Amino acid sequence: MAYIEPAPLLDKENPFEAMMSRFRTASQILGLEEEVYNVLKVPARQVIVSLPVTMDDGSIRVFEGYRVIHSTILGPSKGGIRFDPHVNLDEVKALAAWMTWKCAVVDIPYGGAKGGVACNPREMSAGEIERLMRAYTLSMIDIFGADKDIPAPDMGTGPREMAWLMDEYSRTQGMTVNAVVTGKPIVLGGSLGRTEATGRGVMVSALAAMEKLKINPYKATCAVQGFGNVGSWAARLLSERGLKVQAISDLGGAYYNENGIDIEAAVKYRDANKGSLEGFPNAEKIGSGDILTLPVDLLVPAATEDVITGSNAGKIQANLIVEGANGPTSSKADSVIYEKGISVVPDILANAGGVTVSYFEWVQNRLGYKWTADRVNRRSDRIMKDAFDNVYKTATEYKVSLRIAAYMVAIDKVAKTYKYRGGF
Ligand code: NAD
């Protein structure tokens, strides 16, 4: 392969640097041609729009919105829409590329995209958010499409916003097009099993890794950081499979019980306590960072990015880390963890259960049919297990970490498809 600059090891990274660092390393090991590397390292399309929205007080505010399509080589692009004050083009570009690798690693026929609007939905009324979502949809009318680019929820958006998007898009087409977006409410064509899909995929990949490491789930202990959608479902499903979940945490604090935490009780407590674990009883409150360095078999970071860094990676005692969150480990921490012999099931594999069931939602919409929860779960479990086995095989063959192996599997698939399709 021609020269590709070496990957720098960074500790506090923006997501684009984190993605590029692993992408470069995996490309080098694969011996990817420089021409193909140059195609894959940049997004195919970047759209920036200004969205004037009438606020409740009659004033007009202009929001900046983005949609980045990283790749459509494998199929229509897929990726969520983030409503957050920190949204910026660099972040959206990285998240779009991550979607390309995630879809490729689980072998679903999608490219990668991401969208976002710099806004603070917590300070906006439902009406203001609806007008913003409809304005964003209209400005992306030539981008979105069931066969072109299929959005989904991300931070700050959920089924309600996807319903508005689907409705606005459908109005412009003169017919209902529910396959244009996933993560919809069930009555609008959302899929059963989508809510728990990401946590379920975390559970499936954790059990697959534990089998390889010869860790008996019935004797294993676990700590889960983050108790939102991904963390609470992962904790619940892992405890159902026999693991003792000794610690859980969220922004309201970290809680430890040597004998295991009753996850059902924790979910009930959180739901009755404005979504927070603060004051959770029957467990000892520990420092929020301490959850990452407990003497457990399995650690599941399922909160946010950059929590495992060069400064705490050396103190991690778990044998296995399964990344529920996107980008929880800095690339500098990667090497510390690898040298300590800790296995890491990386984000682009471990949390791909969500996009897998989004794909099933799109398939069901296009079929005009509905699958049972059981069918959704069985099929997504199989996809996650096959993807894990494929990545594991690559890691063993090339003697690399599961993270680099996952990137290699993904990049190889996209690069091969690109070569078959041919460039200009
Ligand atoms: P969420 O908003 O439902 O939950 C986030 C949880 O993390 C909350 O409990 C919050 O209190 C906690 N948290 C945030 N910062 C924390 C910190 N510093 N320390 C401890 N806890 C903290 O979000 P989610 O949907 O569960 O997403 C979590 C992560 O998983 C994100 O990185 C997201 O990008 C990723 N992810 C989510 C999905 C999905 O389907 N929801 C799919 C793929 C990846």
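Whatever order the structure lists ligands and atoms in, that order sets their numbers, starting from 1. It should be emphasised that the depicted structure is a prediction, and the values quoted were computed from it without experimental measurement. Only heavy atoms go into these numbers, but all of them, side chains included; no hydrogens, no water, no symmetry mates.
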**OP:** Examine Gly231 against ligand 1 and note whether any of their N/O atoms are separated by less than 3.5 Å.
**Re:** no
Original post:
Which heavy atom of the protein is the closest neighbour of atom 40 (O) of ligand 1, given with residue, atom name and distance?
Top reply: Thr198 OG1, 2.6 Å
Subject >> Ligand-side contact atoms (ligand 1) for residue partner Phe227, heavy atom cut-off under 4.0 Å >> reply: 6 (C), 9 (O)
**OP:** Can you establish whether the number of heavy atoms outside Glu211 located under 6.0 Å from its atom CD is more than 12?
**Re:** no
**OP:** Would you mind checking if Arg61 and Glu128 are paired as a salt bridge, meaning a charged N to carboxylate O distance below 4.0 Å?
**Re:** no
**OP:** For ligand 1, note which part of Ala254 has a heavy atom under 4.0 Å away: side chain, backbone, both or neither.
**Re:** neither
**OP:** Could you tell me whether some N/O pair between Gly354 and ligand 1 is separated by less than 3.5 angstrom?
**Re:** no
Subject >> Close approach, Gly324 and ligand 1, non-hydrogen under 4.0 angstrom >> reply: yes
Original post:
Should Arg131 and Asp56 count as an ion pair when the cut-off is N to O under 4.0 Å?
Top reply: yes
Original post:
Would you call Arg134 and Glu130 a salt bridge, using N to O less than 4.0 angstrom?
Top reply: yes
Original post:
Quick one: CG on Asn377 to CZ on Arg200, what's the gap to the nearest 0.5 Å?
Top reply: 4.0 Å
Original post:
Has ligand 1 got any nitrogen or oxygen that is less than 3.5 angstrom from a nitrogen or oxygen of Asn326?
Top reply: yes
Subject >> Atom indices of ligand 1, in the order listed, that fall short of 4.0 Å to a heavy atom of Gln225 >> reply: 19 (N), 20 (C)
Original post:
Can a non-hydrogen atom of Arg194 be found less than 4.0 Å from any atom of ligand 1?
Top reply: yes
**OP:** Identify the heavy atoms of Ile342 and Leu320 that sit nearest to each other, and give their distance.
**Re:** CG2-N, 4.1 Å
Subject >> Listed partners of Asp149 passing side chain to side chain donor-acceptor pair (under 3.5 Å), at least two apart >> reply: Arg67, Ser77
**OP:** Provide, to 0.1 Å, the distance between atom 18 (N) of ligand 1 and the closest protein heavy atom, together with that atom's residue and name.
**Re:** Thr304 CG2, 4.0 Å
**OP:** Examine Lys102 against ligand 1 and note whether any of their N/O atoms are separated by less than 3.5 Å.
**Re:** no
Subject >> With sequence neighbours excluded, residues passing side chain to side chain donor-acceptor pair (under 3.5 Å) with Asn88 >> reply: none
Subject >> Polar proximity ligand 1 side, Gly228 side, N/O cut 3.5 Å exclusive >> reply: yes
Original post:
Taking NZ, NE, NH1 and NH2 as the nitrogens, is one of them in Asp334 or Arg403 under 4.0 Å from a carboxylate oxygen of the other?
Top reply: yes
Original post:
Which residue from Asn351, Leu251, Leu292, Asp347 reaches closest to atom 43 (C) of ligand 1 through any of its heavy atoms?
Top reply: Asn351
**OP:** For atom 23 (O) of ligand 1, find the nearest protein heavy atom and state the residue, atom name and distance (0.1 Å precision).
**Re:** Asn229 N, 4.6 Å
Original post:
Do any N/O atoms on Asp154 end up under 3.5 angstrom from N/O atoms on ligand 1?
Top reply: no
